[in-house]
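Heads up, the thing below is written out as structure tokens.
By convention in this document, chain letters (A, B, ...) are assigned in the order of the sequence lines, proteins followed by strands, and residues within each chain are numbered from 1.
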Amino acid sequence: MNENESAKRQSVLGSGAYEPKDVEKEIYAAWEKSGYFNPDNLPVEKDAEPYVVYMPLPNVTGSLHMGHALDNSFQDISVRYQRMRGKKTLWLPGTDHAGIATQYVVEKELRKQNVSRFEIGREKFIEKVWEWKAQYGNLILEQLRRLGCSADWSRTRFTMDPAYAKDVVAAFVHYYERGWLYRGYRTVNWCARCATSLSELELEYKDEETSLWHIKYSDAVTVATTRPETLLGDTAIAVNPHDERYEKLIGTEVTVPIVGREIPIVADEAIDSTFGTGMVKVTPAHDVLDFEIGERHKLPMVVVIDGRGRMTKEAGVYEGMKAAEARVKIVEELEKQGRLVKVEPYAHRVSVCYRCGQSIEPTPSAQWFLSMKELAAKALEAVSSKKVAIHPERFEKTYSDWLSNIRDWTVSRQIWWGHQIPVYFCKNKKDDEKNFVVTKEKPAKCPLCGTCEMEQATDVLDTWFSSALWPFAGLSESDKKKYYPGHTLITARDILNLWVARMIYSGIEFMGKVPFTNVLIHGTIMTKEGKRMSKSLGTGIDPLKYIEQYGADVARFAVVWQATGQDIRWDETAVVGGRKFTNKIWNAAKFVLGSIGEDATFPAKNVDASLGTDADKKIMGELQKIKASVANDIEHFEFAKALREFYDFFWHSFCDVYLEAAKGQLASDAAPHTREVLMHVLFESLKVLHPFMPFLTEYIFQKLPKHKQSLLLIEQW
RNA sequence: GGGCGCUUAGCUCAGCGGUAGAGCGACUCGUUUACACCGAGUAGGUCGGGGGUUCGACACCCUCAGCGCCCACCA
């Protein structure tokens with residue numbers, strides 16, 4: 001090669017290393033400008049098969065973490081692959097209003113200005129949240145763009161958009177009309193700080209060292225409790241019906257210390273006779289299990305602690321004290337009365353609010369419940385019949401165990417930020433008669449009393465009530481016909497029940513079909529020490545750090561490389577591997593482009609390797625194999641395997657072996673096909689790798705001489 | 001209290017019936033025009049312990065141990 005040619009070669013990809021920073025932004029802009037993220041714009045047949053992926057909704061409060069990077073890399077690989085396969089591909093993005101989480105963030109902001117939400121009131125507060133959302137709510141979507149995600153941003157939905165809200169309200173009314181949604185006064189998990197009920201899935205657990213107080217009610221009755229202050233609200237003592245020790249006591253009465261109330265001794269199967277004394281104090285108002293025992297035995301509820309954690313009037317002299325204070329006083333009093341038999345140290349787990357960490361105080365309140373019986377049955381059937389396949393299969397058990405033992409869902413929350421429930425109260429009717437209607441819009445005239453201006457209930461819905469509708473509520477009316485159902489849902493295991501199960505039965509109930517046919521549960525990324533990555537613990541590693549330093553392709557490579565199925569102990573050296581691989585591809589492309597001459601055309605025509613050298617034949621054969629194998633792996637969600645196989649092929653078979661052979665062949669007249677083979681393998685490799693490392697591959701593709709297609713993004717696989 | 005997963009080279013992990021592989025790291029050699037973010041090599045493992053099935057096990061079964069996760073209304 002003479003100097004002139006050498007100079008030409010450098011002009012194609014330049015002489016230096018690949019600089020992702022310089023090109024990623026530009027390439028992403030070109031993709032967006034093309035409009036091809038929108039399936040309606042794809043140059044495919046009208047009746048091309050759709051391929052739809054619903055993005056697990058990130059919270060508006062979110063910012064990109066490793067979990068998102070993994071999750072969305074997988075989705076982007078699937079989506080890009082299917083698009084190159086000629087499918088009408090839609091990846092639907094959106095954000096979740098994340099009720100408690102967002103309210104909490106905005107409250108914290110306000111507190112910095114010494115303002116509480118109660119001071120400014122509900123309406124003003126909600127305005128503040130919308131302001132906050134306008135300013136920060138799309139951060140995560142911007143970050144997903146930097147990752148290279150090819151979602152259809154023109155369809156981005158927020159779970160509180162008016163169109164979405166319409167479906168939420170319709171769902172509520174639908175459930176009510178089906179008779180599945182009911183109002184009840186029940187003891188629920190209550191966070192006194194957030195002043196709202198929480199579903200059991202919103203609880204977290206914390207080990208606590210406490211005491212087990214053994215309290216003597218009478219000579220025959222001694223109970224063990226971790227919460228002596230609730231004794232004031234006892235309305236029964238319960239024993240196991242088969243407990244011979246206490247058989248004779250069943251049906252008799254005993255006096256509650258301090259308050260002097262006479263309460264019955266009842267028999268209930270829920271009591272474990274081997275624990276403590278085998279006798280349990282029953283406080284239906286302040287314990288969820290006790291509430292259920294109370295229901296079974298028609299026990300009254302005596303509320304001694306209010307929704308803010310203070311003792312009520314029913315607590316007598318303890319009124320106004322915080323529950324913890326009252327506990328100390330009550331224990332003192334019991335001791336004085338000689339009723340404290342013993343106190344033993346006791347370690348157990350207490351439930352705490354997942355948002356603020358405060359201990360849960362079970363409290364009775366009026367809530368809305370969704371009966372789960374029929375919905376759970378539908379969700380169960382969908383998976384057992386394989387209409388929805390969960391991968392890996394073992395998670396089907398996690399799913400069905402939960403649904404088989406499910407309790408009715410408390411869907412109301414007492415916070416301000418969220419979908420206000422479509423329930424309207426009559427001002428003239430009393431609580432003991434029917435005093436509300438459930439309807440999509442506020443009635444102009446009260447249908448109950450005929451005169452009053454009805455008032456909407458202040459409760460809002462559990463965030464998951466709305467996100468459960470995402471696969472269809474996220475679509476416009478015409479899209480509902482075109483892009484429902486979807487195909488694969490890719491997510492982490494922690495929201496399998498919280499969200500995936502609920503989407504499945506919601507889809508069946510409202511759309512008549514399961515919302516997707518596959519659920520992929522991938523591993524969780526942890527620190528190298530095996531600890532959970534968490535911002536609050538300071539153990540998180542920010543994927544944006546890698547994107548900024550080495551580019552999105554390298555970040556994606558590192559994540560996917562490690563995501564073999566098990567949980568991942570994040571290994572920094574995978575980033576090194578990605579960087580080297582990027583460099584390898586870059587240089588191989590540089591070599592090929594420099595070798596083939598500028599009159600070459602892509603895609604390479606008439607490659608007949610059967611006429612070539614042994615090396616030609618070998619690499620062509622290996623290329624065919626790797627292409628088929630990667631396609632198969634992607635279709636079976638084996639992304640890491642696919643990437644590793646391609647890596648091995650490209651680095652070792654193509655670069656180490658074929659390129660070296662090609663150097664000799666190029667100089668020889670005996671190997672006329674060398675240029676075609678080089679072109680062909682490079683071109684095909686770019687396609688195969690594109691779903692994994694979209695920027696680098698697109699960039700090189702753009703530099704190929706004389707090619708017709710506009711973007712590798714839509715090149716046919 | 002149930003259930004699940006993991007334990008393979010220094011590190012992070014593949015493999016899952018026929019006598020061990022990758023990436024990163026280490027070491028040796030290499031100043032050839034794609035790449036030193038490179039090439040050619042080398043070292044390094046009784047595949048957590050014990051038992052069993054088998055002609056043969058890292059792979060299958062049982063059991064023990066350690067680590068991690070999930071579920072549960074044990075007061």
Under 4.0 Å from OP1 or OP2 of [N]: is there any side-chain N or O of [X] that close?
| X | N | result |
| --- | --- | --- |
| A:Lys580 | B:C38 | yes |
| A:Lys528 | B:C24 | no |
| A:Arg407 | B:C73 | yes |
| A:Trp651 | B:G23 | no |
| A:Thr564 | B:C13 | no |
| A:Gln566 | B:C6 | yes |
| A:Tyr346 | B:A75 | yes |
| A:His348 | B:C74 | no |
| A:Lys397 | B:G3 | no |

Could you tell me whether A:Asp268 and A:Arg296 make a salt bridge, using a distance below 4.0 angstrom between a side-chain N and a carboxylate O?
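A salt bridge is present here (some side-chain N lies under 4.0 Å from a carboxylate O).
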For [N] versus [M], give the span between their [atom1] atoms, rounded off to a whole number of Å.
| N | M | atom1 | result |
| --- | --- | --- | --- |
| B:A43 | B:U53 | C1' | 37 Å |
| B:C64 | B:U54 | C1' | 23 Å |
| B:C67 | B:G52 | C1' | 26 Å |
| B:A9 | B:G48 | P | 8 Å |
| B:G5 | B:C73 | C1' | 27 Å |
| B:G44 | B:G23 | C1' | 16 Å |

Look through every strand shown and name the nucleotide pairing with [N] as Watson-Crick or G-U wobble, where both distances are under 3.5 Å.
| N | value |
| --- | --- |
| B:A40 | B:U28 |
| B:C67 | B:G5 |
| B:G56 | none |

Base, sugar-phosphate, or nothing: which does [X] touch, judged by heavy atoms less than 4.0 Å apart?
| X | answer |
| --- | --- |
| A:Val288 | nothing |
| A:Asp272 | base |
| A:Arg569 | sugar-phosphate |
| A:Arg644 | sugar-phosphate |
| A:Leu212 | nothing |
| A:Ala588 | base |
| A:Phe291 | nothing |
| A:Glu572 | nothing |
| A:Trp586 | nothing |
| A:Asp290 | nothing |

Measure the acute angle between the ring planes of A:Trp499 and A:Trp464, then classify it against the limits of 30° and 60° as parallel, tilted or perpendicular.
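It falls in the tilted class, 30° to 60°.
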Hydrogens and angles aside, do A:Asp553 and A:Thr582 bring a side-chain donor and acceptor to less than 3.5 Å of each other?
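Short answer, no.
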If you measure only the distance, is there a donor-acceptor pair under 3.5 Å linking the side chains of A:Asp234 and A:Tyr217?
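On atom types as modelled, these side chains qualify, holding a pair under 3.5 Å.
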Return yes when atom CD of A:Glu344 has more than 12 non-hydrogen atoms of other residues, nucleotides or ligands closer than 6.0 Å, and no otherwise.
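More than 12 heavy atoms, drawn from other residues, nucleotides or ligands, come within 6.0 Å of this atom.
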Within 6.0 angstrom of A:Lys641 NZ, more than 12 heavy atoms from elsewhere:
yes
Taking A:Thr527 for the side chain and A:Glu529 for the main chain, is one N or O donor matched with an acceptor at less than 3.5 Å?
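Yes; judged by distance alone, with no hydrogens or angles, the pair exists.
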